[in-house]
There are 2 protein chains.
Amino acid sequence: MAKTDSKPSEELILNAAVKVFTRKGYSGARMEEIAKEAGINRALLHYYFRDKETMFNIIFETKFKEFFTGIFGAFQSDVPFLEKIKSIVDHEITVLTKHPGLARFVIMEIAQQPDRLIQFGQKLGLNPRTMLKHFQKEVQQNVQQGEIRPIDGRQLLMNIISICIYPFVAKPIIKTMMQMDENTFMDLMEKRKNDAYEFIINAIRP
Amino acid sequence: MAKTDSKPSEELILNAAVKVFTRKGYSGARMEEIAKEAGINRALLHYYFRDKETMFNIIFETKFKEFFTGIFGAFQSDVPFLEKIKSIVDHEITVLTKHPGLARFVIMEIAQQPDRLIQFGQKLGLNPRTMLKHFQKEVQQNVQQGEIRPIDGRQLLMNIISICIYPFVAKPIIKTMMQMDENTFMDLMEKRKNDAYEFIINAIRP
DNA sequence: TAATTGTTTAACAAAATTGTTAACATGGCA
DNA sequence: TGCCATGTTAACAATTTTGTTAAACAATTA
């Protein structure tokens with residue numbers, strides 16, 4: 001069994017597939033293009049991963065996990081509310097800067113087939129609803145204690161997530177309109193970690 | 001020439017095509033599905049609109065226009081800054097509520113082929129860069145006059161746009177996670193017109 | 001009404017994309 | 001070395017999707 005030799009090829013193929021699938025989406029991706037990207041014959045894709053769908057599911061599960069643990073990760077920590085927001089924003093922008101195309105890919109494929117959210121969500125054992133309830137309760141408490149202005153927890157959550165994620169989803173538009181190259185964009189996102197945080201804090205501080 | 005009779009069919013087909021293209025994107029859309037949606041034979045699609053690409057371009061141009069005039073429209077008006085923000089938010093959310101799937105479609109297709117932004121932008125004679133410069137200058141002036149806190153105009157613009165657009169892009173995710181049906185979601189967006197505005201105002205008011 | 005023009009369809013053809021097979025290559029090991 | 005298992009490929013087959021054609025149909029007009 002030359003398993004040690006096979007592994008690199010599998011990795012190689014998966015990396016190529018990730019590139020193509022995240023750029024083009026499931027329906028836009030071509031097996032031929034993945035093979036070319038990996039520098040191998042198309043038949044090998046089927047040798048390692050039965051078919052396109054199987055391949056896609058493996059990649060989607062990985063990306064789904066990256067994206068949602070990226071989102072939910074920082075929500076769990078048990079620190080004061082404003083600090084938590086700081087770490088959510090920071091964490092989120094960091095993850096998305098490292099994985100270009102991640103957010104757009106996951107959102108698009110879920111929009112195409114919303115049941116994947118349930119399907120893969122359960123598979124990975126993450127429970128957005130518990131998280132949501134918890135967040136809402138935390139907002140209510142902080143409102144009652146006068147720590148923050150009165151605000152609907154759902155709206156606040158949407159605001160935070162929007163501010164963090166949207167710039168990456170619309171990156172090609174933003175880059176073109178603001179005439180930025182990749183590095184300038186990344187600098188802007190780096191600064192955004194603080195700018196976005198302060199924006200949010202100012203919005204909710206009494 | 002029975003042009004009067006032909007028009008309804010063209011409209012019928014275009015409406016069907018809009019539905020399918022905005023749901024599935026260019027590569028996911030199937031001519032067969034469009035024909036079925038319109039209740040006609042596939043060959044008719046080619047009779048009216050040479051091929052898939054031609055058809056797509058017509059629809060994309062329409063949607064592109066809807067989306068960007070939706071965005072830029074309210075930026076033009078000559079009212080005090082905070083009022084302008086009010087009308088931008090209101091206008092934006094109204095447009096996107098009326099056209100479900102619009103934002104996701106346009107963003108995705110531009111991400112797939114960013115030069116379409118230049119191509120169609122010029123074709124429609126809209127100049128995002130002038131708009132951007134103008135907005136930035138306005139922010140600077142208001143900062144200097146102490147009307148709003150110091151803030152990078154680009155970040156503020158991204159924040160406003162993000163808060164307005166992202167919930168619609170991620171609608172399937174939000175609906176599922178928050179267990180909302182279509183009407184509940186629309187109610188939430190209706191409330192959001194004010195909530196988002198107040199959030200932004202509080203964030204920038206000294 | 002017959003001719004003419006435009007509309008619609010079924011059947012066909014072509015192209016693109018995915019999936020399979022059988023033969024060949026290679027590296028480890030009896 | 002020569003066999004065996006796995007990795008790799010080219011060629012082929014099947015399927016899906018797009019595009020075309022010729023004929024039927026409908027409506028308008030002369």
Side-chain angles (χ1 to χ4, degrees), chain A residues 1-63 105 108-109 111-113 116, chain B residues 1-63 105 108-109 111-113 116:
Chain A
M1 278 180 274
K3 273 270 160 155
T4 24
D5 270 285
S6 79
K7 282 265 167 165
S9 274
E10 262 189 57
E11 280 301 302
L12 187 78
I13 292 172
L14 275 185
N15 287 337
V18 164
K19 277 187 197 163
V20 176
F21 275 127
T22 53
R23 276 203 301 259
K24 308 285 183 73
Y26 179 80
S27 62
R30 295 289 167 259
M31 295 298 267
E32 178 60 38
E33 194 181 345
I34 295 173
K36 211 174 68 186
E37 177 83 40
I40 57 163
N41 187 287
R42 229 178 61 246
L44 251 204
L45 303 182
H46 294 96
Y47 176 75
Y48 282 111
F49 313 91
R50 189 167 312 285
D51 54 23
K52 189 181 178 184
E53 203 185 321
T54 304
M55 207 167 173
F56 175 82
N57 280 334
I58 292 171
I59 288 165
F60 183 72
E61 183 172 335
T62 311
K63 292 296 157 185
F105 172 66
M108 288 306 130
E109 294 302 330
Q112 215 87 172
Q113 227 173 290
R116 290 205 261 236
Chain B
M1 279 180 271
K3 273 271 161 156
T4 25
D5 270 284
S6 79
K7 283 266 168 167
S9 273
E10 269 189 53
E11 279 302 301
L12 187 78
I13 292 172
L14 275 185
N15 287 336
V18 164
K19 277 187 198 164
V20 176
F21 275 127
T22 52
R23 276 204 301 259
K24 308 284 182 72
Y26 179 81
S27 62
R30 296 287 165 261
M31 297 297 267
E32 177 60 39
E33 195 181 345
I34 295 173
K36 211 174 65 184
E37 177 83 39
I40 58 163
N41 187 286
R42 228 177 62 245
L44 251 202
L45 303 182
H46 293 96
Y47 175 75
Y48 281 110
F49 313 91
R50 189 167 313 285
D51 54 23
K52 189 180 176 184
E53 203 185 320
T54 304
M55 207 167 174
F56 175 83
N57 280 334
I58 293 171
I59 288 165
F60 183 72
E61 183 172 336
T62 311
K63 293 296 157 183
F105 172 66
M108 286 308 127
E109 294 302 330
Q112 216 84 177
Q113 227 173 289
R116 290 205 261 237

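In the text below, chain A, chain B and the rest are named by the order of the sequence lines, each starting its count at 1.
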Report summary line: Taken in chain and number order and not counting sequence neighbours, the residues that satisfy salt bridge (Lys or Arg N to Asp or Glu O under 4.0 Å) with K52(A) are none

Requested in this report: List for me each residue that meets salt bridge (Lys or Arg N to Asp or Glu O under 4.0 Å) alongside E53(A), sequence neighbours excluded, and say none if there are none.
Outcome: none

Report summary line: L44(B) atom CG is separated from dT8(C) atom P, nearest whole Å, by 5 Å

Query raised in the report: So what does A29(A) touch, heavy atoms closer than 4.0 Å: a base, only the sugar-phosphate, or nothing?
Result: sugar-phosphate

Query raised in the report: Could you state the CD1-P distance from I13(B) to dT7(C), rounded to the nearest angstrom?
Result: 11 Å

Query raised in the report: What's the CD-C1' distance between E10(A) and dT6(D), to the nearest Å?
Result: 13 Å

Report summary line: Taken to the nearest whole Å, NZ/K52(B) to P/dT20(D) is 15 Å

Query raised in the report: Are F21(B) and F56(B) close enough that their ring centres sit under 6.0 Å apart?
Result: yes

Query raised in the report: Which residue pairs satisfy the salt bridge (Lys or Arg N to Asp or Glu O under 4.0 Å) criterion with at least one member in residues 39-48 of chain A, sequence neighbours excluded?
Result: E32(A)-R42(A)

Query - Partners passing side-chain hydrogen bond (donor to acceptor under 3.5 Å, both in side chains) against E61(B) (at least two apart in sequence or in another chain) - result: K123(B)

**Report entry** Contact under 4.0 Å: Y47(A) side-chain N or O vs dG19(C) OP1/OP2
**Finding:** no

Report task. Provide, to the nearest angstrom, the distance between the OH atom belonging to Y48(A) and the P atom belonging to dG19(C). Result -> 18 Å

Do any N or O atoms of the protein come closer than 3.5 Å to N or O atoms of nucleotides 11-16 of chain C, and which pairs are they?
none

Requested in this report: Not counting sequence neighbours, list each pair that qualifies as a salt bridge (Lys or Arg N to Asp or Glu O under 4.0 Å) and has a residue in residues 15-31 of chain A.
Outcome: K19(A)-E37(A), R23(A)-E33(A), R23(A)-E37(A), K24(A)-E33(A)

Report task. Ignoring the backbone of D51(A), work out which of dT8(D), dT7(C), dG19(C) is nearest its side chain. Result -> dG19(C)

Query raised in the report: Rounded to whole angstroms, how far apart are NZ on K36(A) and C1' on dT9(D)?
Result: 18 Å

Query raised in the report: Would you say a side-chain N or O of S9(B) is under 4.0 Å from OP1 or OP2 of dT7(C)?
Result: no

Query raised in the report: Under 3.5 Å, is there a donor-acceptor pair between the T54(B) and D51(B) side chains?
Result: yes

Report task. Establish, with yes or no, whether the OP1 or OP2 oxygen of dT20(D) is under 4.0 angstrom from a side-chain nitrogen or oxygen of H46(B). Result -> no

Report task. Could you state the atom-to-atom distance from CD of E32(A) to P of dT15(D) in whole Å? Result -> 21 Å

Query raised in the report: F49(A) has an atom CZ; how far is it from atom P of dT20(C), in whole Å?
Result: 16 Å

